S.K.: 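Provided herewith is a single structure, encoded as structure tokens, for subsequent inquiry.
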Amino acid sequence: MSASNGYQRPFSKVLVANRGEIAVRVMRTCRELGVRTVAVYSEPDRASLHVRYAGEAYPIGPAASSESYLRIDKILAVAKKSGAEAIHPGYGFLSENPEFATAVKDAGLTLIGPPASSMIAMGEKTRARQKMIAAGVPVVPGTEAAIETAEEALAEAEKAGYPVMLKAAAGGGGKGMRRVDDAAELKAAFEAARREAEASFGDGRIYLEKYLLEPRHIEIQIFADSHGNVVHFGERECSVQRRHQKVIEETPSPIVDEAMREQMGEVACQAARAVDYLGAGTVEFLVDAHRNFYFLEMNTRLQVEHPITEMVNDGVDLVKLQLEVAAGRPLATTESTRLPRGHAIEARIYAEDPEQGFLPTPGRISYLRVPGGPGVRLDSGIYAGWEVPIHYDPMIAKLCARGPDRETAIARLDRALSELEVTGLRTNVAWLRRVLRHPTFVSGHYDTGFLDAAKDELLAPDTDSLHEVAMLAGAIYSQDRTRRLASKALGARAPEQSNWKNEGRRRGLSR
Ligand code: ADP
């Protein structure tokens, strides 16, 4: 079928093998293109937004991902039953699983993503490093292969010089990663990293990298088609991290100029070519204080933070490009020649409590007010009345803002966050606003250590005093009430106003 403007939709029906905001994000583009959508869901996700949004939806099992969202057989069975032609895996779950890519292909369907061979080449960090070294891409200095013993780790660390980073070859999500500052800590850290990697990935292999001091994490969005074109869409600055996981991302990076962007972009395209890449991918780099950049890893899927790239690239729709490229269409080779226009920032909204060690806070959303207005974009997987399940990642939405410059984008995102109201469970919204307003973030001179260094300043101010104010207000209220009742009983005039405000000010609590 072609739309009224002659546009040929790339597929007639797509199954989205994911949940939450990313499933909705993908389906939104499908709906715009006239592509029908199929959702899959686990039991606790029965009433999820992605299920409601899809044209049709099918249950695939109980809460545990291993019994539902990771079940290749069940997902393929739904694809067959629903007549979907292609599968979009989103991020996480099966998105970087070569077995899944192969199974989709073998079932005669199209995976909206790279071939299994690219996933394999980039999936294991040590293999990716070897590939990149061979392709002339600068990598973070360290070992090429996994380390067998603690003694070997000691020798390699001496060679690299402390501090070093122990990392899981099969790594992801910061698991199995340990910074080690001196030889005395190494043995225990090596064993701990090994155990964690084994538990998380079923693969305990560890390798070692030099720990770059005060690095920035900057990544390049690339795109490759099946006609030999590889382009990039500029960088994203992702150095605002908690426990090595991104929290706020922005583009352009405060330290990347046009020349550096072109240089990093070219290297990223080179990395993609080296693994015969197809579709959307992200090449991550660590950048040192001298603006030297080193390959960190490549994510062979759509990235969480892709919306900010869309916002500064004239609203290009990366999911639409994914669908078109998967259907065999060529990219316009001019895609990457444009410069970023304006500035965009994303904040990841979590159902978690920053004041309680960022503990997840699943529960029912009783009320939801969504932000709007100029330059604001909300990608969310929630609605009022929905129960955020405990079983999955607690990220419930992403709020992005774009402005003509960085200052406006920050002010806009802060304003949008002030409009967002989620009641019924605790979120990190107030904490995110404090991060955005922190002088270090505002200055643009920050590195991956920023959140850790500012940890205490970022906690809610005066929680004790606030508690005290609440207690005080309660006490005064009941005191007032007693007085009023007494006056009434005596037929006298009740006091006109409570004195709690004055009391608060006197005690310096009215900030
Ligand atoms: P994962 O795949 O587990 O998320 P990455 O390799 O992408 O791990 O690294 C995540 C983050 O950890 C980086 O953005 C950076 O903050 C930190 N990191 C990783 N390797 C190093 C290193 N060699 N030196 C300093 N920081 C590092």
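Counting starts at 1 for both ligands and their atoms, in listed order. Just so it is clear, the model here is predicted, and its values are computed rather than measured.
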S.K.: Do we see a donor-acceptor contact under 3.5 Å between the side chains of Glu250 and His343?
M.R.: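 Side chains of Glu250 and His343: pair found under 3.5 Å.
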S.K.: Evaluating non-hydrogen atoms only, which member of His217, Gln241, Lys246 is closest to atom 16 (O) of ligand 1?
M.R.: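 Among His217, Gln241, Lys246, the closest heavy atom to atom 16 (O) of ligand 1 comes from Gln241.
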S.K.: Glu209 and Tyr207: side-chain donor and acceptor closer than 3.5 Å?
M.R.: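 Result is yes, a qualifying pair exists.
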S.K.: So, taking the atom named CD in Gln303 and the one named OG1 in Thr309, what distance separates them when rounded to the nearest 0.5 Å?
M.R.: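 The CD atom of Gln303 sits 9.0 Å away from the OG1 atom of Thr309.
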S.K.: Return the closest protein heavy atom for atom 20 (N) of ligand 1 as residue, atom name and distance.
M.R.: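 The closest one turns out to be Lys167 NZ, 2.9 Å.
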S.K.: As an exercise, identify every atom of ligand 1 less than 4.0 angstrom from a heavy atom of Gln245.
M.R.: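 Matching atoms, with element in brackets: 4 (O).
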S.K.: Please identify which atoms of ligand 1 are closer than 4.0 Å to at least one heavy atom of Gly174.
M.R.: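 Counting atoms of ligand 1 from 1, those under 4.0 Å from Gly174 are 1 (P), 3 (O), 4 (O).
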S.K.: Any idea which of Val139, Asp447, Leu212 brings a heavy atom closest to atom 25 (C) of ligand 1?
M.R.: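 Comparing heavy atoms across Val139, Asp447, Leu212, the nearest one to atom 25 (C) of ligand 1 lies in Leu212.
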S.K.: Could you check Lys398, Arg25, Arg348 and say which one makes a salt bridge (charged side-chain N to carboxylate O under 4.0 Å, His left out) with Glu305?
M.R.: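 Single pass found, and it is Arg348.
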S.K.: As an exercise, identify every atom of ligand 1 less than 4.0 angstrom from a heavy atom of Val140.
M.R.: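 Near Val140, the atoms of ligand 1 are 23 (N).
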S.K.: Return the residue, atom name and 0.1 Å-rounded distance of the protein heavy atom closest to atom 18 (N) of ligand 1.
M.R.: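 Checking every protein heavy atom, the shortest distance to atom 18 (N) of ligand 1 gives Met165 CE, 3.6 Å.
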S.K.: Could you find the nearest protein heavy atom to atom 9 (O) of ligand 1 and give me its residue, atom name and distance?
M.R.: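 Protein heavy atom with the smallest distance to atom 9 (O) of ligand 1: Leu296 CD2, 3.9 Å.
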S.K.: What is the nearest protein non-hydrogen atom to atom 8 (O) of ligand 1, stated with its residue, atom name and distance?
M.R.: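 For atom 8 (O) of ligand 1, the nearest protein heavy atom comes out as Lys125 NZ, 3.1 Å.
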S.K.: In terms of residue, atom name and distance, what is the protein heavy atom nearest to atom 22 (C) of ligand 1?
M.R.: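 Result for atom 22 (C) of ligand 1: Leu286 CD1, 3.5 Å.
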S.K.: Which bit of His244 is near ligand 1, meaning a heavy atom under 4.0 Å away: side chain, backbone, both or neither?
M.R.: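 Contact part for His244 vs ligand 1: both backbone and side chain.
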S.K.: Show the atoms of ligand 1 that are less than 4.0 angstrom away from any heavy atom in Met177.
M.R.: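 Those atoms are 8 (O), 10 (C), 12 (O).
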S.K.: Kindly indicate, with the supporting measurements, whether the criterion side-chain hydrogen bond (donor to acceptor under 3.5 Å, both in side chains) is fulfilled by Thr282 and Arg236.
M.R.: CA-CA 10 Å; Thr282 294; Arg236 288 182 293 257; 3.0 Å; yes
S.K.: Determine, stepwise, if the pair Phe295 / Val140 fulfils side-chain contact (heavy atoms from CB on, under 4.5 Å).
M.R.: CA-CA 6 Å; Phe295 172 86; Val140 180; over 6 Å; no
S.K.: Check whether Phe358 forms a cation-pi arrangement with Arg242 (NZ or CZ under 6.0 Å from the six-membered ring centre, at most 45° off the ring normal).
M.R.: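 Yes.
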S.K.: Examine the proximity of ligand 1 to Arg179 and report which part, side chain or backbone, both or neither, has a heavy atom under 4.0 Å away.
M.R.: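 It is neither part, as no heavy atom is under 4.0 Å.
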S.K.: Could you tell me the residue and atom name of the protein heavy atom closest to atom 7 (O) of ligand 1, and the distance to it rounded to 0.1 Å?
M.R.: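 That would be Glu297 OE2, 2.8 Å.
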S.K.: For Tyr392 together with Tyr69, are the ring centres under 6.0 Å from each other?
M.R.: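 Ring centroids of Tyr69 and Tyr392 are less than 6.0 Å from each other.
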S.K.: Measure from NZ or CZ of Arg291 to the centre of the six-membered ring of Phe285 and say whether it is under 6.0 Å with the direction within 45° of the ring axis.
M.R.: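 Judged by the rule (NZ or CZ under 6.0 Å from the ring centre, within 45° of its axis), Arg291 is not positioned above Phe285.
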S.K.: Against heavy atoms of Glu284, which atoms of ligand 1 measure under 4.0 Å?
M.R.: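 Contacts of ligand 1 toward Glu284, numbered from 1: 7 (O).
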S.K.: May I ask you to establish whether Arg19 and Tyr41 are in a cation-pi arrangement, using a distance under 6.0 Å from NZ or CZ to the six-membered ring centre and at most 45° from the ring axis?
M.R.: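 Arg19 over Tyr41 ring: no.
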